[in-house]
Amino acid sequence: MTQHTVEKTSLSLLGLGAMGSALGRAWLAEGHGLTVWNRTADRARPLVAEGAKQADSAAEAVAANSLVVVCLLDDTSVEEALSGADLEGRDLVNLTTGTPAQARARAEWAHERGARYLDGGIMAVPPMIGVPQTGGYVFYSGSQELFHRHRETLAVPAGTRYVGRDAGFAALHDVALLSAMYGMFAGAAHAFALIRKEDIDPASLAPLLADWLAAMAPAVHGTAGQLRSGDYTRGVVSSLAMQVAGIPTFLSTAEEQGVSQELLSPYFALMRRRLAEGRGEEDLTGVIDLLVR
Ligand code: NDP
């Protein structure tokens, strides 16, 4: 080791599924000492071949390093895996997907056992891990001290975005973004269904769809501005009244094409409800207030 080489933080990783293995590989490739544990021990073999140490139990893995990263299937598996481990003084980073309430409860649980806790929501799929140019990142929330202490190590597999001390915020951001993604997929599914029986190549529609969705996406900034100001008529380009007047065109086109309206109808119903409240001068932001119970 030269005088200028900074020793890389060693860490323990519990969970070697598709995501855990990708994370582990990225840390090994950057020269971090890594102790791994997986319920099915055989799955550790590839990482051991790349230089990882294998622990015989989760408790042994937790004891091996103060930084402990967990990436298991769900919150129940985290509880099961860590039940026999001594977490006193550990920096526990939980990258297992869960709900905000689960993250908050898990943070309490970790604190009661003497650990610092950081929750993570991974905005990447395994092939994006360790490949910075893919733009993959992880939302983190919980202990800011833990985040700052291990930021460089956590940044090895993917980018880092700390979103607050509330341990539930990483999961909340994760689920918010993924929920928006499913809305986008739903819209794209309807669009493909409309052309399905026609002599239109889906491959010719795809780039048009991708460009259109990308062009419309920045509208969320306007929505945020209206939500902040409370004035939903601010900067309106296409009024709710005008958009509701267009609904029959969308529903009739679906019918003409023999396509179910079931993906579009719920959103249109909310638009109509908002219009019925006399909010025709707004755009679509008022739908959010109808959703929040
Ligand atoms: P996998 O299904 O590939 O792996 C699941 C892991 O959880 C395995 O290590 C499995 O062990 C372990 N496990 C399951 N139940 C238990 C249990 N009761 N006790 C101990 N270990 C258990 O999932 P991924 O690796 O893909 O995902 C891990 C986490 O990362 C999930 O929360 C997922 O939502 C999240 N994530 C995954 C993404 C992806 O694209 N894969 C993207 C973003 C987040 P065993 O090998 O013994 O079965």
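Position 1 is the first residue of the sequence, and the numbers go up from there. Counting starts at 1 for both ligands and their atoms, following the listed order. Predicted model only: the values in this text are computed from it and were never measured.
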For this session: Take Q226 and R234, measure what side-chain hydrogen bond (donor to acceptor under 3.5 Å, both in side chains) needs, and give me the verdict at the end.
Result: CA-CA 6 Å; Q226 290 179 350; R234 201 172 89 166; over 6 Å; no
Problem set entry | Side chain, backbone, both or neither: the part of D74 lying under 4.0 Å from ligand 1 by heavy atom | neither
Exercise. Would you call E79 and R106 a salt bridge, using N to O less than 4.0 angstrom?
Worked result: yes
For this session: State the atoms of ligand 1, each with its element, that fall below the 4.0 Å cut-off from a heavy-atom position in G20.
Result: 25 (O)
For this session: Give the residue and atom name of whichever protein heavy atom lies nearest to atom 39 (C) of ligand 1, and the separation in Å to one decimal.
Result: P126 CD, 3.5 Å
Exercise. What is the closest protein heavy atom to atom 4 (O) of ligand 1, and at what distance does it sit?
Worked result: G17 CA, 3.3 Å
For this session: Would you mind reporting whether V93 and Y140 have side-chain heavy atoms less than 4.5 Å apart?
Result: yes
Exercise. Is E277 salt-bridged to R273, going by a charged N under 4.0 Å from an acidic O?
Worked result: no
For this session: Output yes when the distance from some N or O of ligand 1 to some N or O of L73 is under 3.5 Å, and no in every other case.
Result: yes
Exercise. Against heavy atoms of L16, which atoms of ligand 1 measure under 4.0 Å?
Worked result: 9 (O)
Exercise. With side chains defined as the heavy atoms from C-beta onward, is the minimum distance between Q257 and K197 less than 4.5 Å?
Worked result: no
Problem set entry | Which of the ligand 1 atoms, numbered from 1, are nearer than 4.0 Å to a heavy atom of E80 | 17 (C), 18 (N)
Problem set entry | Protein heavy-atom partner closest to atom 26 (O) of ligand 1 - residue, atom, separation in Å | M19 N, 3.6 Å
Exercise. Identify the closest protein heavy atom to atom 3 (O) of ligand 1: which residue and atom is it, and at what distance?
Worked result: A18 N, 2.9 Å
For this session: For atom 11 (O) of ligand 1, find the nearest protein heavy atom and state the residue, atom name and distance (0.1 Å precision).
Result: N38 OD1, 3.7 Å
Exercise. Tell me, which protein residue and heavy-atom name are nearest atom 45 (P) of ligand 1, and how many Å apart are they?
Worked result: T40 OG1, 3.4 Å
Exercise. Can you get from L263 to M184 by hopping between Ile, Leu, Val, Met, Phe, Trp and Tyr side chains that sit under 4.5 Å apart?
Worked result: no
For this session: Would you mind reporting whether V138 and L154 have side-chain heavy atoms less than 4.5 Å apart?
Result: no
Exercise. Step by step, would you call T233 with D231 a side-chain hydrogen bond (donor to acceptor under 3.5 Å, both in side chains)?
Worked result: CA-CA 5 Å; T233 62; D231 177 5; 2.6 Å; yes
Problem set entry | Protein heavy-atom partner closest to atom 48 (O) of ligand 1 - residue, atom, separation in Å | R39 NH2, 2.9 Å
Exercise. With backbone taken as N, CA, C and O and side chain as the heavy atoms from C-beta onward, which portion of T97 lies under 4.0 Å from ligand 1: side chain, backbone, both, or neither?
Worked result: both
Exercise. Judged by atom type as modelled, is there a donor-acceptor pair below 3.5 Å linking the side chain of R39 to the main-chain atoms of G15?
Worked result: no
Exercise. Got an N/O contact under 3.5 Å between I122 and ligand 1?
Worked result: no
For this session: Report the nearest protein non-hydrogen atom to atom 31 (C) of ligand 1: residue, atom name, distance rounded to 0.1 Å.
Result: L72 O, 3.3 Å
Exercise. Do I122 and W27 share a hydrophobic cluster (ILVMFWY, side-chain heavy atoms under 4.5 Å, transitive)?
Worked result: yes
Exercise. Which part of A124 is near ligand 1, with near meaning a heavy atom under 4.0 Å away: side chain, backbone, both or neither?
Worked result: backbone
Exercise. So, is C71 polar-close to ligand 1, with some N/O to N/O distance under 3.5 Å?
Worked result: no
For this session: Any atoms of ligand 1 less than 4.0 Å from a non-hydrogen atom of R43? List them with their elements.
Result: 3 (O), 8 (C), 45 (P), 46 (O), 48 (O)
Exercise. Short list, please: which atoms of ligand 1 are under 4.0 Å from a heavy atom of T96?
Worked result: 32 (O)
For this session: Apply the side-chain contact (heavy atoms from CB on, under 4.5 Å) test between L92 and each candidate in D119, L118, V62, L82; give the one that qualifies.
Result: L82
For this session: Kindly indicate whether the side chain of R25, heavy atoms from C-beta on, has any atom under 4.5 Å from the side chain of P46.
Result: yes
